[in-house]
Participant: 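Just passing along the structure, written as structure tokens.
First the proteins, then the strands, lettered A, B, ... as listed; each starts at 1. Here the structure is a predicted model, which is why all the values come from computation and not from measurement.
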Amino acid sequence: MSNSYRDEITVHVPLDLDNTLNCGQTFRWNKINGEWHGVVNRQPLVLSMNTESKTIRIRSTSPEFRQQELAEGVKEYLGLNDSLGSIKASGINALKRGYAHFVKQFDEIFVPDTGIRLLRQDPWEMVVEYLLSTQMNITTIKKRIESLCELFKENKVSMDYNDYYLFPTRDQLAGIKEEDYRKLSFGYRSKWLKQLVEEMDINQLYQLKNQKLEKKLRFLTAFPGIGFKVANCVALFGFEDFRAFPVDVWISRFMEEFFSKSGNSEKLMVEGQRIFGDYCGYIQEYIFYYIRNRV
DNA sequence: GCCCAGGGGTAGT
DNA sequence: ACTACCCATGGG
């Protein structure tokens with residue numbers, strides 16, 4: 001049982017922890033007694049925000065965080081340096097080149113005060129989690145992922161009387177059989193994950209960071225179980241490639257309803273890029289939030 | 001029981 | 001290129 005190191009940040013830009021950590025871009029954060037509990041950079045991390053003083057309280061097991069001071073690391077992870085205003089302006093600019101009539105609606109969808117920010121997450125974790133996410137609702141995905149993490153008792157880390165499980169490494173998963181995945185109710189995804197763990201070169205995966213989106217997608221979609229939607233999620237949430245545009249059932253409905261566009265996730269990705277421009281991925285997250293929460 | 005879920009693979013047009 | 005169908009399983 002170890003005690004935590006603590007720090008604080010005062011934020012001067014829009015940020016909503018609830019919307020950011022509960023909007024479908026991440027699966028391993030849980031809110032307990034008003035605090036968000038997660039694991040980042042292989043350390044437990046607890047965040048809570050005082051919305052009046054605009055202060056984030058931080059707890060973690062180390063004063064260091066991705067070779068940075070804890071507070072700086074959290075700022076980086078939460079994407080607090082992203083300018084929501086510039087991203088919105090970029091989207092409006094793109095819309096004016098062909099869908100100017102949608103600008104007013106867009107203004108209601110991309111509301112910076114919603115405070116959603118794209119997290120800087122680990123690519124390997126994203127690959128595994130979004131491969132498992134196929135055709136499951138978010139509640140179920142979170143349960144399945146947690147059960148996978150809890151297979152590895154050696155990954156349990158304690159902090160301030162709470163337990164956290166680090167996400168399993170590729171080498172750890174190499175010892176898991178397809179039937180073990182089926183026992184975790186992974187269903188038909190079991191053989192995909194088994195094959196992914198056997199065949200994916202982790203170094204090649206991490207090298208995608210500096211590659212173009214098209215190259216990322218080509219590499220990722222070569223694996224069974226990773227199609228265009230999952231690959232775009234990895235590019236967006238694991239590599240901060242803001243030109244990625246994941247198309248799930250919700251985004252697909254949105255494209256049909258507001259732009260009369262239909263087709264598979266690859267075709268709609270291209271449409272999304274054309275309509276919303278270079279930050280279409282960031283914008284996609286606001287669309288996802290909007291379309292799922294409207295009355 | 002029913003429909004749905006941050007889809008993907010495959011076979012048949 | 002497009003469509004139809006199947007895949008496992010649990011949430012609501």
Participant: Which is true for G24(A) with a 4.0 Å heavy-atom rule: it touches a base, it touches only sugar-phosphate, or it touches nothing?
Facilitator: base

Participant: Do F65(A) and L45(A) touch side chain to side chain, with heavy atoms closer than 4.5 Å?
Facilitator: yes

Participant: Considering non-hydrogen atoms only, spot the tightest contact between F237(A) and L118(A) and give its length.
Facilitator: CE2-CD2, 3.9 Å

Participant: Nearest to the side chain of W250(A), which nucleotide is it out of dG9(B), dC7(C), dA5(B)?
Facilitator: dA5(B)

Participant: Once you round it to whole Å, what is the distance between P of dA5(B) and CD1 of I141(A)?
Facilitator: 12 Å

Participant: Indicate the atoms forming the closest heavy-atom contact of K194(A) with I176(A), along with that distance.
Facilitator: NZ-O, 3.3 Å

Participant: Near DNA chain B, under 4.0 Å by heavy atom, which residues of residues 211-223 of chain A?
Facilitator: F223(A)

Participant: Using a heavy-atom cut-off of under 4.0 Å over every strand shown, decide if R292(A) touches base, sugar-phosphate, or nothing.
Facilitator: sugar-phosphate

Participant: Identify, residue by residue, the members of residues 258-284 of chain A with a heavy atom below 4.0 Å from DNA chain B, and return them in order of residue number, or none.
Facilitator: Q284(A)

Participant: Looking at every heavy atom in both G34(A) and S48(A), which two are closest together, and how far apart are they?
Facilitator: O-CB, 3.9 Å

Participant: Which part of the nucleic acid does F288(A) contact within heavy-atom distance under 4.0 Å: base, sugar-phosphate only, or nothing?
Facilitator: base

Participant: Using a 4.0 Å cut-off on heavy atoms, which residues in residues 115-131 of chain A reach DNA chain B? List them by number, or say none.
Facilitator: none

Participant: Ignoring the backbone of T139(A), work out which of dG7(B), dG11(C), dT9(C) is nearest its side chain.
Facilitator: dG11(C)

Participant: Measure the acute angle between the ring planes of F223(A) and F219(A), then classify it against the limits of 30° and 60° as parallel, tilted or perpendicular.
Facilitator: perpendicular

Participant: Looking only at the side chain of R182(A) (C-beta and beyond, no hydrogens), which of the listed nucleotides dG8(B), dG11(C), dA8(C) gets closest?
Facilitator: dA8(C)

Participant: Would you mind telling me which residue lines up with the more 5' stretch of DNA chain C, T134(A) or K143(A), judged by nearest nucleotide?
Facilitator: T134(A)

Participant: Describe, in one word, how the ring planes of F288(A) and W250(A) are oriented to each other, choosing from parallel (under 30°), tilted (30 to 60°) and perpendicular (over 60°).
Facilitator: perpendicular

Participant: Considering Watson-Crick and G-U wobble pairs with both distances under 3.5 Å, what does dT10(B) pair with?
Facilitator: dA4(C)

Participant: With under 30° as parallel and over 60° as perpendicular, where do the rings of F276(A) and F245(A) fit, or are they tilted in between?
Facilitator: parallel

Participant: Should dC2(B) form a Watson-Crick or G-U wobble pair with both distances under 3.5 Å, which nucleotide is its partner?
Facilitator: dG12(C)

Participant: Does V103(A) offer a backbone N or O that forms a donor-acceptor pair with the side chain of D107(A) under 3.5 Å?
Facilitator: no

Participant: Examine dG10(C): is either OP1 or OP2 under 4.0 Å from a nitrogen or oxygen in the side chain of S185(A)? Give yes or no.
Facilitator: yes

Participant: How close or far is atom C1' of dA5(B) from atom CD1 of I251(A), stated in whole angstroms?
Facilitator: 15 Å

Participant: Ring-plane angle category for F102(A) and F259(A), please: parallel below 30°, perpendicular beyond 60°, tilted otherwise.
Facilitator: tilted

Participant: M136(A) CE to dG7(B) P: how many Å, rounded?
Facilitator: 10 Å

Participant: What's the closest nucleotide to the T140(A) side chain, out of dA5(B), dG8(B), dG10(C)?
Facilitator: dG10(C)

Participant: Of W192(A) and R253(A), whose nearest nucleotide on DNA chain B comes first from the 5' end?
Facilitator: R253(A)

Participant: For dA8(C) and dA11(B), measure between their P atoms and round to the nearest Å.
Facilitator: 15 Å

Participant: If you compare all heavy atoms of A244(A) against all heavy atoms of A235(A), which two are closest, and at what distance to 0.1 Å?
Facilitator: CB-CB, 3.9 Å

Participant: Does R189(A) make a cation-pi contact with W192(A), if we ask for NZ or CZ under 6.0 Å from the ring centre and within 45° of the axis?
Facilitator: no

Participant: Of all heavy-atom pairs between I116(A) and Y286(A), which one has the smallest distance, and what is that distance?
Facilitator: O-OH, 2.6 Å

Participant: Atom CG of N137(A) and atom P of dC4(B): how far apart are they, to the nearest Å?
Facilitator: 13 Å

